[in-house]
J.: 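One structure follows; several queries about it will come next.
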There are 2 protein chains.
Amino acid sequence: MASPGSGFWSFGSEDGSGDPENPGTARAWCQVAQKFTGGIGNKLCALLYGDAEKPAESDGRPSGPSLGKAVWARDQEAPAVAPRGEVNYAVAEASYLLPACNGERPTLAFLQDVMDILLQYVVKSFDRSTKVIDFHYPNELLQEYNWELADQPQNLEEILTNCRTTLKYAIKTGHPRYFNQLSTGLDMVGLAADWLTSTANTNMFTYEIAPVFVLLEYVTLKKMREIIGWSGGSGDGIFSPGGAISNMYAMLIARFKAFPEVKEKGMAAVPRLIAFTSEHSHFSLKKGAAALGIGTDSVILIKCDERGKMIPSDLERRILEAKQKGFVPFLVSATAGTTVYGAFDPLLAIADICKKYNIWMHVDAAWGGGLLVSRKHKWKLSGVERANSVTWNPHKMMGVPLQCSALLVREEGLMQRCNQMHASYLFQQDKHYDLSYDTGDKALQCGRHVDVFKLWLMWRAKGTTGFEAQIDKCLELAEYLYNIIKNREGYEMVFDGKPQHTNVCFWYVPPSLRTLEDNEERMSRLSKVAPVIKARMMEYGTTMVSYQPLGDKVNFFRMVISNPAATHQDIDFLIEEIERLGQDL
Amino acid sequence: MASPGSGFWSFGSEDGSGDPENPGTARAWCQVAQKFTGGIGNKLCALLYGDAEKPAESDGRPSGPSLGKAVWARDQEAPAVAPRGEVNYAVAEASYLLPACNGERPTLAFLQDVMDILLQYVVKSFDRSTKVIDFHYPNELLQEYNWELADQPQNLEEILTNCRTTLKYAIKTGHPRYFNQLSTGLDMVGLAADWLTSTANTNMFTYEIAPVFVLLEYVTLKKMREIIGWSGGSGDGIFSPGGAISNMYAMLIARFKAFPEVKEKGMAAVPRLIAFTSEHSHFSLKKGAAALGIGTDSVILIKCDERGKMIPSDLERRILEAKQKGFVPFLVSATAGTTVYGAFDPLLAIADICKKYNIWMHVDAAWGGGLLVSRKHKWKLSGVERANSVTWNPHKMMGVPLQCSALLVREEGLMQRCNQMHASYLFQQDKHYDLSYDTGDKALQCGRHVDVFKLWLMWRAKGTTGFEAQIDKCLELAEYLYNIIKNREGYEMVFDGKPQHTNVCFWYVPPSLRTLEDNEERMSRLSKVAPVIKARMMEYGTTMVSYQPLGDKVNFFRMVISNPAATHQDIDFLIEEIERLGQDL
């Protein structure tokens, strides 16, 4: 491998000082200025040169160092400014960076150049004139670029190119017209916080190795429990790797609460356990049951009304049925914000039933939890305060970068008892600080990624009122969409009435289908419309919205809005785009 | 809430241009230059001012914008440079940032300022004259700063202060003298890649929403399987949220392979299953068994030799014992690199036993997997190619930022069959691209954090040979430490012989204990030595190394080296520091 020293410092003295009289100074400053986006660099250069010697604009090619940099290297001029222009990336390798001897300056230059690439991407993400996605089929993408891993290192120029290429083909999830997932948007404070989290590079295992983050998790979970309505914010909780795992935790803890012996003896030692959730609930409940050895057959799907809400009378009927068979109902998972319809189960009625039959009540509010911070919308979760556990994903409706999912548990200490293994070689009991802050043993994980900081910092930056404003705005936009399409020609709503969340579910019916009778052939043709429009959206890269079938309903669009960047004009655009792309079908 | 416009742009025209004749220009450039660390800023300023008007040095207080910036705001001077000096953070809020109208410039300024904070932290992390930790007890830390979440937003000045404060109290996990965990170090390319991952802000659910990352996961897992030795790199795998979850996956898949009906019917439908692992194995095996409804009693701990390696004859004996009781042995989890001793179980002998009794062989190489890329050390994992599944955490020995843990599975398709729930509303079957790239349904998670990019980019930047060099270096350092202390007065080795991994386990015996007889009282006093030294290390902040008891051995130090920044001098320092802090005990 190459070693530091040969051709690396391409000019000047190592301490970066130079001759103030050297005319290269303005040029060097200018090279730096060119790094700024939005044309600012050119203005600065004009300023520095008195407009006399305007440097060429960057051609924007994603091919490593700028021409200017290469010229420097040839000319052996002293750089007038900090590290960023100094490194000749074509000969520099990762081994030149910190902790290498003299690695500080190339490191600062390299990280700043990466940052420039990221900042350009951030700015582009919000620019409606850029594509949401530059779509390529998997095989195309595999062939267009060499992604392979080799024995020998690439140089830093190639590494920067890798970064640019990766972002070129990425989805701009912050784009105001990206509506594809429940998690969209790119929050600037959240992003900064995630960068800081990466830089701190620790995990949530113990207070010892993550003192601040452990405390921030404590503060943040308490705040979330207060908002749920548990007295004084008491209880327990954890940030877990996503809503599916949070739901699995709930099932695990509910089982342990009912039969603590299951921890040692396994499922063989307990009666057959039954969980209940609605037919519109998230598939992670069944996935969790499969993993936990409960089995998917023991997850009973309760009927929903036409709006996708669990029908409490059906829940009670199925509980009684299970009990009559000698099975033990141990968990009801109500959903606050279903994935497709955005429906809120009637939590109060469900809480009454859980109380009556002494069953653990879990609320999967992964998607709907954010509405708790909205004074206007939180009534939709009335009864959540009676739950034993709640899944709430700030990475969805609160716009926190991925991943950030919380499981909140009403009873303190239960998680710890459920999951702890007393590994004294990991959790020393004779340490010099209060061990209650060592949270590692209550988790299923050993090391656990720091997911709290971005939520905490965003909360500081927005206040609860800021989250409220952005959530209210998204709901208002959904209502705007609903109001436009509910009576518009060519649209059929999947369910009637104003959406409760930002989910708006509809079919777009192309002109050729509008006069057909409502029979199987029409259904069959209608089912093919959304996939084609979606494929065209991705190929044009103009917008993205999800579609799916559900029950007996053929493929329909599910519009969701969780990106505070979206505006009324973006909703208008979406409608026009669907019509443009679906007109001929 | 405040709205953009009032007092926000504190000076100048919105496009940032200014009068080139204005003497404020040099000063403004200089303010920018001051952002650079390592004294470069001052040199630049001297250059700009011809040394006549040297600006005051920054006082380094973690209290928001510099004095210079405040002066600008008062003087209403036009800024000569890009956004970074422009924003008066004391009146700006997060709502001024993108996607706000005109949010681009304040966003660039804010993110650049965050980046400066991070770059300073990065540089400090490698500076041996800074503390590894500025330790405070939990209650002190809670009281010293207000961490609470409020209804109203803080301004961006306060947000920057929050960032500085968080880092002030954080552990410098990249510090060359931080030896506390199996994951240490801060790789510059890995860090850059993690920043990019945050910026791309997507998850691994489908090719649709993570085209590049899904392909990179495919490429990287294949490479890892090739290195394990599975023919042509065939098989399956996933990046999971940590080694504990990877081990749980292995257990889950092994169970499904033996009894696929468990997915629907649960553990009630299958005979009693027994897993085997060594008494030195990681506690996650028991944790996984508890979660999966198998029960911790069904995890049999096999005896180890004095070096911490599983004894194959004891494994076979316990397998036969279980079978005689009518139980079904379904999993042997061998460890390649135990947590405390760094021991490698004899994989070939274990593979023979697994083959003989038709049991799934898992290798937990979370810690030791990295040695596979070292031509010098990979023999320690001989037999890993016969495993059915392997846990390998690049965030440990390969120095990839947290988290990055892979589970590799030899049989393709099994993970998918084990975990898939066929949720057609999430995994549409009529999409326009090759659906085999939609990996979401083989995971326990729904959304899954992008953990692959940092490993992939580091691999491109180092090549396999670069990883090899840094791993060989860490092992060489461990041997250096071992050679120094094995015969040094005041040290006793916990086990004899050269360490196989970088784990060096030893007692430091203070002078007052050296002449005592080897009895209970001495053991009791010795057990208190490491905790006191460790507490002192943290209070001084000079270094950190882990200690623990294990079996009948009282608290001893477990030194591990996974940080390529560590040098021989750091090892020397550790020894001196232990002696300095433990001398009087």
Side-chain angles (χ1 to χ4, degrees), chain A residues 20 36 40 43 47 82 94 97 99 114 118 126 138 149 151-154 159 166 169-170 173 188-189 192 194 198-202 212 219 223 241-242 244 263-267 283 290 293-295 297 401 403 421 423 425 430 432 437 445-447 449 459-461 463-464 531 535 548 565, chain B residues 17 20 36 40 47 82 94 97 99 114 118 138 147 149 151-154 159 166 169-170 173 188-189 192 194 198-202 212 219 223 241-242 244 263-267 283 290 293-295 297 401 403 421 423 425 430 432 437 445-447 449 459-461 463-464 531 535 548 565:
Chain A
F36 292 107
I40 298 162
K43 287 182 190 140
L47 192 157
L97 304 176
V114 170
L118 301 184
F126 293 101
L149 299 170
D151 287 349
Q152 296 306 317
Q154 294 192 326
I159 294 305
T166 299
Y169 296 114
T173 56
M188 293 300 105
V189 173
D194 217 21
S198 302
T199 310
N201 192 33
T202 190
V212 187
V219 165
K223 180 77 178 181
K263 183 174 174 180
E264 287 84 26
K265 306 285 171 203
M267 287 295 288
F283 76 114
I294 292 166
D297 289 353
Q403 64 191 25
M421 289 293 142
Y425 69 91
D430 44 14
H432 60 129
Y437 291 96
Q445 298 167 273
C446 178
H449 192 259
W459 211 315
R460 299 275 276 198
T464 313
Q548 66 285 299
Chain B
S17 62
F36 293 106
I40 300 163
L47 192 157
L97 304 176
V114 170
L118 301 183
W147 308 96
L149 299 169
D151 288 347
Q152 297 306 317
Q154 293 192 325
I159 294 306
T166 298
Y169 296 114
T173 56
M188 293 300 106
V189 173
D194 216 22
S198 302
T199 311
N201 193 33
T202 191
V212 187
V219 165
K223 180 79 179 179
K263 183 173 174 180
E264 288 83 27
K265 306 285 173 207
M267 288 294 289
F283 76 113
I294 292 165
D297 288 353
Q403 63 192 26
M421 289 293 142
Y425 70 93
D430 44 15
H432 60 128
Y437 291 96
Q445 297 167 271
C446 180
H449 192 259
W459 211 316
R460 299 275 275 198
T464 313
Q548 66 285 298

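All values derive from a computational prediction rather than experimental measurement. Below, chains carry the letters A, B, ... as their sequence lines are ordered, and counting in each starts from 1.
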J.: Minimum heavy-atom separation for B:Ala461 and A:Pro153, please, with both atom names.
T.: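 Scanning both residues completely, I find the closest heavy atoms to be O-CB, 3.1 Å.
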J.: Grab the two heavy atoms, one from A:Gln445 and one from A:Pro241, that are nearest each other, plus how far apart they are.
T.: OE1-CD, 3.3 Å
J.: I'd like to verify something: which residue of B:Asp194, B:Thr199, B:Ile159, B:Thr173 has the highest number of heavy-atom pairs under 4.5 Å with chain A?
T.: B:Thr199
J.: Which atoms of A:Phe126 are under 4.5 Å from chain B, going by heavy atoms: the side chain, the backbone, both sets, or neither?
T.: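 Side chain only.
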J.: Checking B:Lys265 now: which residues fulfil salt bridge (Lys or Arg N to Asp or Glu O under 4.0 Å) with it, not counting sequence neighbours?
T.: A:Asp297
J.: Among B:Gly242, B:Ala200, B:Ser198, B:Gly447, who wins on heavy-atom pairs under 4.5 Å with chain A?
T.: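 Winner by heavy-atom pair count: B:Ser198.
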J.: Output the option from A:Ala535, A:Gly293, A:Ala192 having the highest count of non-hydrogen pairs under 4.5 Å with chain B.
T.: A:Gly293
J.: Which one wins on heavy-atom pair count under 4.5 Å against chain B: A:Gly463, A:Ala565, A:Pro138?
T.: A:Pro138
J.: May I ask you to name which of B:Val114, B:Val189, B:Thr166 has the most heavy-atom pairs under 4.5 Å with chain A?
T.: B:Thr166
J.: Hey, which of B:Glu264, B:Met188, B:His449, B:Gln548 has the most heavy atom pairs under 4.5 Å with chain A?
T.: B:Glu264
J.: Would you mind checking which part of A:Phe283 comes under 4.5 Å of any heavy atom in chain B, side chain (CB onward), backbone (N, CA, C, O), both or neither?
T.: both
J.: So which atom in B:Val212 and which in A:Tyr169 form the shortest heavy-atom distance, rounded to 0.1 Å?
T.: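 Closest heavy-atom pair between B:Val212 and A:Tyr169: CG2-CB, 3.3 Å.
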J.: Show the nearest heavy-atom pair for residues B:Cys446 and A:Ala244, with the distance to one decimal.
T.: N-CB, 3.6 Å
J.: State which residues pass side-chain contact (heavy atoms from CB on, under 4.5 Å) with B:Asp430; sequence neighbours excluded, sorted by chain then number.
T.: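 So B:Asp430 forms a side-chain contact (heavy atoms from CB on, under 4.5 Å) with A:Pro531, A:Tyr547, A:Asn555, B:Gln428.
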J.: As an exercise: rank A:Leu149, A:Leu97, A:Val219 by heavy-atom pairs under 4.5 Å with chain B and give me the winner.
T.: A:Leu149
J.: Using a 4.5 angstrom heavy-atom cutoff, name the option from B:Gln403, B:Lys223, B:Met421, B:Met267 with the most pairs to chain A.
T.: B:Met421
J.: Could you look at A:Ile294 and say if it's the side chain, the backbone, both or neither that has a heavy atom under 4.5 Å from chain B?
T.: backbone
